[in-house]
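The structure appears right after this line, and notes come after that.
What you are looking at is a predicted structure, and each value in this text was computed from that prediction instead of being measured.
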Amino acid sequence: MGSILVLVLKSEQESMASPMLQPAEQDQAKHESDEWIKKHLFNLAMQGKWDNVIKTYQEKPAALGAKITRSGDTALHIAVLDRKESVVEKLVNLINDEVNRVEAKKKEQKPKEVKEASTSSREKEGREEEKYEHPLEIANDRGNTPLHLAASIGNVQMCLCIARENRKLVDSRNNERETPLFLAALHGKKAAFLCLHGLCDPNNHSNNSRRGDGETILHCSISGEYFDLAYQIAHKYEGLLNSFNESGYTPLHLLASKPAAFESGCHLGWFNKIVYYCLYVEKLKEESFPNYDHIQLSVEDKPELQKYPESYTTCVNFFRVLNVLWKVFTKSGTHQSSTRVDEQPQLFPPNYYISIEFIKFVYRAMLVVLGFGSKVIKKIQAKKEKHIWSIQLMNKLLHSSSSEYDSSAGSQPIPKAKEEDETDAFRGIEFDYISESKTPSKMEEEKTVQDKKIDEMAKKRIDEMAKKRIDEMAKKETPILIAAKNGIVEMVERILNLFPVAIHDMNSNKKNIVLLAVENRQPHVYGFLLKKEILKESIFHVVDNEGNSALHLAAKSNNSHPWRIPGAALQMQWEIKWYEYVKKSMPMHFFVRYNKENKTAREIFTETHKNLVEKGGEWLNNTSNSCSVVAALIATVAFTTSATIPGGIEAESGKPTLEKQPAFNVFSISSLIALCFSVTAVVMFLAILTSRHQEKDFGRDLPRKLLCGLSSLFISIAAILVSFCAGHFFVLKDELKYAAFPIYAVTCLPVTFFAIMQFPLYLDLIWATFKRVPQRSYAAVA
């Protein structure tokens, strides 16, 4: 009996222990199954076997939300990044079917559970429901959902496919508090942006337009130079036109810091300029996305379907040009000079319109014949689009910022009162007791005395932070000052036309538009201000907080290369020219004016240009040394050849035997020219080497000596080559005849290469010497 009792007890213990081990074993099996699914999906995705991935999604519902990479991406994330549109559509449909099945199952079970379950069980069920996450809402480690990735790459079809199934994703934010709409603007994807803009709730437009650091979609699009997108944002989000980011800059501030976005900040060669002015760019218009239900192709990521073979491209382009010609002639009778603010000024009378357009048509036809799709022309087309569209955006921003100069002219920008829908700059201060579902009156009634104290302390802290923020933003410069620093004449001119009082704006150092243009070497802006009919005494005679006038700032060297000219000596020459150019516009008593450091402009110029003078002298000595060696060799050879008579002389008369030959005359004259100019070159280079290299010598003396020396050197090189060929022609004229000329050309190549290498320097010298006003560089100024 005892043994039987022991066996019964053991069997009962085993039966009691077995159900306790079953859940642990099930969890382990489930974990192993999930790991296998992740590895399996990862391998399939990396190998591009998307059909097998879809099959796995169909067979194993656990694969829908499986994160298969270290960064937390699901298979759907990877498919979006690989631009697999058909795969993404199938995966989204499978996810939607599974979610509908789960929700239907919950609805069936819920009535039974409500009747039978207790209060504790209902709370447990609620916690379990909260843990459930929609597979489309699963984000990776950066917080990006599949819709975030689709928006960042600009694929409209995938954005529509994902957003149709779950509209909440349009308002979702990643770790940087960026919405899909914001990412589309950040990466310049206009079609995706318009698509998401149409899908967003109009009440959430302003919230979705900012990210956590306060940056707006308009700021980001201008920073990325996506001006076509920025123009659409400016029309659809007019509340952002005067918005400030965390650094205190408006969109107009950012646009003023981009000189390359305007024609005045772009340098083109003569051929590229011809192409530039003949290319046609359509002006931007407000756009809206088409019907979402019928869109099939991504505007930016899929090429336009052609209805003709590729070999017919040239013919199609030619007929397009004919269409342009037809438009030119049909519109010529009704054309009127435009007076809109965003139109460029006409350079010719209105009745010349048809002639000018016809010339452009002929040039475009030539481009079609020569191949309109060349990379160079496309780059020029992109530049012109940027220049035209930036002007349109600038006009839009300026027309909305009229209040900026109403009462704050001549002062620093003050931030405007924040709108209710803007992101709070002080979002660290939150009030947990505020509930959105309650009205303000009810909330006031429910507040305790302690809550009111907390509220007062928080408001005081906000006021202190806002005051500090205003003080920091007071140091920011107005858009016209930033545009003057960067040489954007178009913006300076437009702002002064709309707000003449902006001419008195100053920064925190009391530098106005004239002082900043002079300090940053912007001759175009300075010349524009000189020609403009304004009170010159009020702006040209201003001094900054250190007592520096425009002449003092022109005399200062900023230890950079502000001029678009190579070589320290030529930089120094243009520094002197710039100083003299500014000096002519200043009154006589400013020449000896002292600043607060008790220094005149001339003293500052001498002190700050010492290093440039030393570098310029060293560069001139090196150049003169190398060129003088070549000039001396040519002089030696030219002296020898000029004293030698080819063919000898007649014994009786003493005249050259080849006197009547044309080649003899060419030989004699060219050798004499080579000797004369080579000696001149040697003298000029020796004069440079023995010069004192004072700062005033760099203005005219040294550059002209170098120019004269190089000119003489090039002439002597050409003359000695002609002399050599003419003298040798007597030897080969009977045997090789016309074949001698190619031989001479090949023989002269080594010396010609030296001349070609020095020729760019020669052109720069001519340009720098005879140009009255220096030409600035096109680098942006911070």
Side-chain angles (χ1 to χ4, degrees), residues 139 142-145 147-154 156 159-160 162-163 167-255 284 286-289 292 300 389 392-394 396-397 399-401 404 415-427 436 469 473:
R142 295 183 178 180
N144 290 324
T145 65
L147 185 58
H148 282 89
L149 301 181
S152 62
I153 65 176
V156 178
C159 288
L160 288 173
I162 298 172
R167 287 295 181 95
K168 293 190 298 182
L169 292 175
V170 178
D171 302 325
S172 62
R173 296 180 180 269
N174 59 12
N175 296 343
E176 300 293 330
R177 307 296 297 164
E178 298 168 334
T179 61
L181 180 79
F182 190 94
L183 285 179
L186 181 65
H187 294 90
K189 308 301 180 181
K190 184 175 71 173
F193 174 84
L194 295 175
C195 168
L196 294 171
H197 170 77
L199 294 172
C200 282
D201 185 357
N203 297 325
N204 291 332
H205 278 169
S206 57
N207 293 330
N208 292 336
S209 63
R210 283 184 182 265
R211 67 180 174 192
D213 60 358
E215 201 80 4
T216 69
I217 53 178
L218 188 55
H219 286 85
C220 290
S221 59
I222 294 176
S223 298
E225 297 188 358
Y226 308 121
F227 298 121
D228 54 341
L229 174 58
Y231 186 78
Q232 304 303 325
I233 295 174
H235 277 276
K236 299 181 185 303
Y237 295 82
E238 294 188 355
L240 301 179
L241 296 179
N242 295 315
S243 61
F244 288 85
N245 61 7
E246 288 293 306
S247 300
Y249 292 111
T250 64
L252 191 60
H253 284 82
L254 297 183
L255 188 62
L284 294 173
E286 187 176 1
E287 299 178 17
S288 59
F289 199 74
Y292 310 120
E300 295 182 12
W389 296 345
Q392 286 188 264
L393 179 61
M394 178 191 72
K396 178 65 177 176
L397 294 174
H399 278 287
S400 65
S401 61
E404 183 173 354
K416 297 184 179 181
K418 288 197 320 173
E419 297 178 1
E420 295 180 359
D421 55 357
E422 288 189 2
T423 303
D424 191 358
F426 315 106
R427 57 184 178 279
E436 296 180 357
R469 182 176 176 80
M473 292 179 63

- pair Leu196-Lys189: side-chain heavy atoms closer than 4.5 Å: no

- Task: Measure from the ring center of His187 to the ring center of Tyr226 and say whether it is less than 6.0 Å.
- Result: no

- Message: Tell me whether His235 contacts the main-chain N or O of Gln232 through its side chain, where contact means a donor paired with an acceptor under 3.5 Å.
- Response: no

- Query: Taking C-beta and beyond as the side chain, do Cys220 and Phe182 meet within less than 4.5 Å on heavy atoms?
  - Reply: yes

- Query: Hey, which of Leu169, Val170, Thr145 is the one that makes side chain to side chain contact (heavy atoms under 4.5 Å, CB included) with Ile162?
  - Reply: Leu169

- Message: Going by side-chain hydrogen bond (donor to acceptor under 3.5 Å, both in side chains), Arg211 matches just one of His219, Glu178, Glu176. Which one?
- Response: Glu178

- Message: side chain to side chain contact (heavy atoms under 4.5 Å, CB included) for Ile217 and Leu229? Distances and angles first, verdict last.
- Response: CA-CA 10 Å; Ile217 53 178; Leu229 174 58; over 6 Å; no

- Using a 4.5 Å cut-off on heavy atoms from C-beta on, say whether the side chain of Leu240 contacts that of Ser209. yes

- Item | Donor-acceptor contact present, side-chain Asn245 to main-chain Tyr249, <3.5 Å | yes

- Task: To the nearest 0.5 Å, tell me how far Glu225 CD sits from Leu255 CG.
- Result: 9.5 Å

- Taking Asn174 for its side chain and Arg177 for its backbone only, find out whether a donor-acceptor pair lies under 3.5 Å. yes

- For Ser247 and Glu215, run side chain to side chain contact (heavy atoms under 4.5 Å, CB included): C-alpha distance rounded to whole Å, both residues' side-chain angles, the deciding distance at 0.1 Å, then the answer. CA-CA 9 Å; Ser247 300; Glu215 201 80 4; 6.0 Å; no

- Less than 4.5 Å apart, any side-chain heavy atom of Lys396 and any of Glu238? yes

- Item | His197 side chain vs Leu181 backbone, donor-acceptor pair below 3.5 Å | no

- Go through the steps for Ser243 and Thr250 under the test side chain to side chain contact (heavy atoms under 4.5 Å, CB included), then give the verdict. CA-CA 6 Å; Ser243 61; Thr250 64; over 6 Å; no

- Would you check if the side chain of Thr179 reaches a backbone N or O of Asn208 as a donor-acceptor pair within less than 3.5 Å? yes

- Minimum heavy-atom separation for Ala151 to Ala192, with atom names? O-CB, 4.2 Å

- Message: For the CG atom of Asn175 and the CG atom of Asn144, what is their distance to the nearest 0.5 Å?
- Response: 7.5 Å

- Message: Does any part of the side chain of Ser172, heavy atoms only, come nearer than 4.5 Å to the side chain of His148, both counted from C-beta?
- Response: yes

- Item | Whether Phe193 and Tyr237 hold their rings parallel, tilted or perpendicular, with breakpoints at 30° and 60° | tilted

- Task: Write down the atom of Gln392, the atom of Leu284, and the distance for their closest heavy-atom approach.
- Result: OE1-N, 2.8 Å

- Item | Nearest atoms (heavy-atom pairs only) where Leu241 meets Pro251 | O-CD, 3.6 Å

- Query: With distance as the sole test, does Lys236 use its side chain to make a donor-acceptor pair with the main-chain N or O of Leu194 at under 3.5 Å?
  - Reply: no

- Side-chain touch Leu393/Leu252, heavy atoms, less than 4.5 angstrom: no

- Message: Pair Leu397, Asn242 - check side chain to side chain contact (heavy atoms under 4.5 Å, CB included), show working.
- Response: CA-CA 8 Å; Leu397 294 174; Asn242 295 315; over 6 Å; no

